[in-house]
4 protein chains.
Amino acid sequence: MREERRGELLATAAEVFAAQGYNATTVRQIADAAGMLAGSLYYHFASKEAMVDEILTAFLDELWAGYDAVLAAGLGPRETIEALVTESFREIDRHHAAVAIYQKEARHLADRHPRFGYLADARRRFARAWLGTLERGVADGVFRTDLDIRLTYRFVRDTVWVAASWYRPGARHSPEEIARQYLSMVLDGIALRD
Amino acid sequence: MREERRGELLATAAEVFAAQGYNATTVRQIADAAGMLAGSLYYHFASKEAMVDEILTAFLDELWAGYDAVLAAGLGPRETIEALVTESFREIDRHHAAVAIYQKEARHLADRHPRFGYLADARRRFARAWLGTLERGVADGVFRTDLDIRLTYRFVRDTVWVAASWYRPGARHSPEEIARQYLSMVLDGIALRD
Amino acid sequence: MREERRGELLATAAEVFAAQGYNATTVRQIADAAGMLAGSLYYHFASKEAMVDEILTAFLDELWAGYDAVLAAGLGPRETIEALVTESFREIDRHHAAVAIYQKEARHLADRHPRFGYLADARRRFARAWLGTLERGVADGVFRTDLDIRLTYRFVRDTVWVAASWYRPGARHSPEEIARQYLSMVLDGIALRD
Amino acid sequence: MREERRGELLATAAEVFAAQGYNATTVRQIADAAGMLAGSLYYHFASKEAMVDEILTAFLDELWAGYDAVLAAGLGPRETIEALVTESFREIDRHHAAVAIYQKEARHLADRHPRFGYLADARRRFARAWLGTLERGVADGVFRTDLDIRLTYRFVRDTVWVAASWYRPGARHSPEEIARQYLSMVLDGIALRD
DNA sequence: GATGAATGAGGATTCATTCAT
DNA sequence: GATGAATGAATCCTCATTCAT
């Protein structure tokens, strides 16, 4: 069916984009990886840009579905952070190529074409979700009060998402296990308590 | 003097590379930013590749000078980590463009041309410095023993370097202050102790 | 019936060719206008070229049938010109798309492929019909003698055919009425004064 | 000098566009005719579109300079028509390629890109200049009253401009001589008989 | 008769690089 | 040291055409 083929092609394209970077990837490389000629891709997609667009949109849609479920669950701040981190690692597991692309190219794409305006929106929505939870946690006395909250936000956010650059699905640890260890480090630190 | 001009041009180039990505930056954009024509750059540099090369080499040379001094100082594991992190934020402050380029392009460049083999070396040398210290700390009972050490390494490493993507010199916090807060989070976590 | 479908498709194609130009028209645009997919057209026609070919051939065949009848009628030069002009406007009315295509593309197509040699033939045959009649009129003292006859020929010819570029069937004036007015302008100019 | 080279290249491009049509002309053909490689043209011009744009703009600017001088001269309707026609043939003589391009491509270009909006403007301005003069002539009793004035307008306009499709500079007749004969044909047709 | 998917030959455009002046 | 002009390879994309189903 049409949709299946598109999906396969997008998965292939995402892999190549993630490995080489969007700009450095040629349409021909994608086509080679898909076993067709470069021109043939244009039967399925309007442009190279349309391909990343679809890849990123699909990923963000799924991500927000997960995040929204967490945020709507009425958990405490610490539990919310735990759930968001776990959900994030699950997304990295399922969409690792899309996540890597998002990490490397989002800024560049966003200020290159209005079509990618939703990437800037996503950035803002992220900030609201994480920052809001952190602030709530500080107010509730669950998180430390002596830290710059924006620094903390960036620390937590980047720490999680950067993992997409080295994580490969099927690796030693499951996403849940990685999430558990990351959370342990972020929440309690790596220094041994006395 | 000849050397000064080169230095200015490299600083300009680094800024543009960092802002737009190496591939997406055209030689003409660099020339524009430097107030000359594209062809004129070739009086100073052999190629676009030679420019990134010099930028990254200069940065890494300085970085290793700092790291080596720390590693040779005979500090304990925790103090070594603290010193490496502080040194890293100082480099981000002084060479933020070069650091950003290194973060975004190192893998890609290393794959692409043997000339950039030293980037892969640097990666390995990093791993040795950080991982070694962490292992020493675990052995000494300074760091937790219940964590996957490679995960911890990546966590600490990424946590620091990713900052280059948003850090701008002259910002609210000094590099030392940022280092202090990061270390506090990494070592002790963000959760409030009871 | 097979022939009817072909005819409809050709009419559609002619409309699109006339509106956008032969080169600028894609097979897909024709197919869209006909409510089918691009590939499906190839069941009916061998190629895009074959389509224009058939469109132009059909038009020219009909045109020559009309012209030949006029030329065989043994009219005087003035009456022959009147009849040719009237016949021409009738063709513009019935085949306005084909006429527009002929006007815009004939030279280009004739240069490009021997298959369109008949377009150059048509040009020569036109010249013979009109020029011959004009020369006869000059000799008979019906038309002015002080004009360059080739210039006159082009004037009359262009004057008529260029109308295809703006004429739309079903407009205010019937083709006969337009012919009458055009003839009035043209003839009272080139006709010898008393 | 820079401007001279551009001018030469534009003249070359205009010739090729006129001969083959804008769409059917490849950038390589222009480059071949100019004795350079296709890519080299882009040092001088931003795009193929920019080339036609400049060609048409230069032509129209000159044309309107001539027309405006005529229209401002305060001549009677008949003399105005004579002057406009003569001016037009002079433009055809000097810019025959640009005129041919304008004739064949104006409509197509105008509704393809807003950049060519000035072509539609030109069309309207033409209509005002010619139609206005004709109406004045009808009112003054200089031109016939029994003709559809819009038909007359198209007749005069097309009759003149279509000449660009066959006129080659340096031909048997000077532009002034052609204008004289055309006017003789046209005027003695539409002028009121005594 | 028609569809969906692909082919493959261009075509416009970009850009690092060269080099005479 | 810098400029202007050009090169040529690579890139994205278009489109007529084919063909199995």
Side-chain angles (χ1 to χ4, degrees), chain A residues 1-6 8-9 22-31 34-51, chain B residues 1-2 5-6 9 22-31 34-52, chain C residues 1-2 5-6 9 22-31 34-52, chain D residues 1-6 8-9 22-31 34-51:
Chain A
M1 207 203 303
R2 191 185 224 116
E3 280 315 307
E4 278 177 36
R5 189 74 177 112
R6 280 175 69 85
E8 284 167 33
L9 293 172
Y22 173 72
N23 272 302
T25 298
T26 72
V27 167
R28 216 189 130 216
Q29 288 171 325
I30 300 172
M36 53 175 27
L37 291 179
S40 308
L41 283 173
Y42 289 81
Y43 177 77
H44 301 278
F45 306 100
S47 64
K48 185 181 161 187
E49 229 176 51
M51 291 186 227
Chain B
M1 208 200 305
R2 181 160 301 177
R5 190 77 177 109
R6 279 177 70 85
L9 292 173
Y22 172 72
N23 271 300
T25 298
T26 72
V27 169
R28 218 191 128 208
Q29 287 172 325
I30 300 171
M36 53 174 34
L37 292 183
S40 310
L41 281 173
Y42 287 80
Y43 178 82
H44 301 278
F45 305 99
S47 65
K48 186 181 164 188
E49 237 176 42
M51 291 185 229
V52 230
Chain C
M1 208 200 307
R2 180 162 300 178
R5 190 77 177 108
R6 280 177 69 84
L9 291 173
Y22 173 71
N23 271 300
T25 298
T26 72
V27 168
R28 218 191 129 209
Q29 288 171 324
I30 300 172
M36 53 175 33
L37 292 182
S40 309
L41 280 174
Y42 287 80
Y43 178 82
H44 301 278
F45 305 100
S47 66
K48 186 181 164 187
E49 237 176 41
M51 291 185 229
V52 228
Chain D
M1 208 202 302
R2 193 183 223 116
E3 280 314 308
E4 278 176 37
R5 189 76 177 108
R6 280 176 70 83
E8 282 167 33
L9 291 173
Y22 173 72
N23 272 302
T25 298
T26 72
V27 167
R28 217 189 129 216
Q29 288 172 325
I30 299 172
M36 54 175 25
L37 292 179
S40 308
L41 282 173
Y42 288 80
Y43 178 78
H44 301 277
F45 306 99
S47 65
K48 185 181 160 188
E49 230 176 50
M51 292 186 226

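All chains are named by letter (A, B, ...) in the order of the sequence lines, taking the proteins before the strands, and each is independently numbered beginning at 1.
The heavy-atom pair separating C:A31 from C:L37 by the smallest distance is CB-C, 3.6 Å. Considering all non-hydrogen atoms of both residues, B:H44 and B:S40 come closest at CD2-O, 3.7 Å. Shown here for A:N23 and B:A24, the closest heavy-atom pair between the two residues is ND2-CB, 3.7 Å.
Rounded to whole Å, the distance from CG on B:L9 to P on F:dG1 is 11 Å. Atom CZ of A:F45 and atom P of F:dC12 are 15 Å apart (whole Å). In this structure, D:L41 atom CG and F:dG4 atom P are separated by 19 Å, rounded to whole Å.
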Using a 4.0 Å cut-off on protein heavy atoms (strictly under), produce a 5'-to-3' string for nucleotides 14-21 of chain E with B for base contact, S for backbone-only sugar-phosphate contact, and - for none. BBSBB---
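Contact check for C:E49 versus C:Y22: side-chain heavy atoms found under the 4.5 Å cut-off. Within the 4.5 Å cutoff, the side chain of B:V52 has no heavy atoms near those of the B:K48 side chain.
Applying the 4.0 Å criterion to OP1 and OP2 of E:dA2, one finds that C:H44 has a side-chain N or O inside that range. Contact between the side-chain N/O atoms of B:Y43 and the OP1/OP2 oxygens of F:dA2 is not found at any separation under 4.0 Å. Between B:R5 and F:dA2 there is a side-chain N or O to OP1 or OP2 distance below 4.0 Å.
For E:dG8, the paired nucleotide is F:dC15, the pair qualifying as Watson-Crick or G-U wobble because both relevant distances are below 3.5 Å. Searching all strands for a Watson-Crick or G-U wobble partner of E:dA20 with both distances below 3.5 Å returns F:dT3.
Remark on DNA chain F: of its neighbouring residues D:L37 and B:L37, the 5'-side contact belongs to B:L37, judged by nearest-heavy-atom nucleotide.
Under a 3.5 Å cut-off, the side chain of B:Q29 and the backbone N or O of B:T26 do form a donor-acceptor pair.
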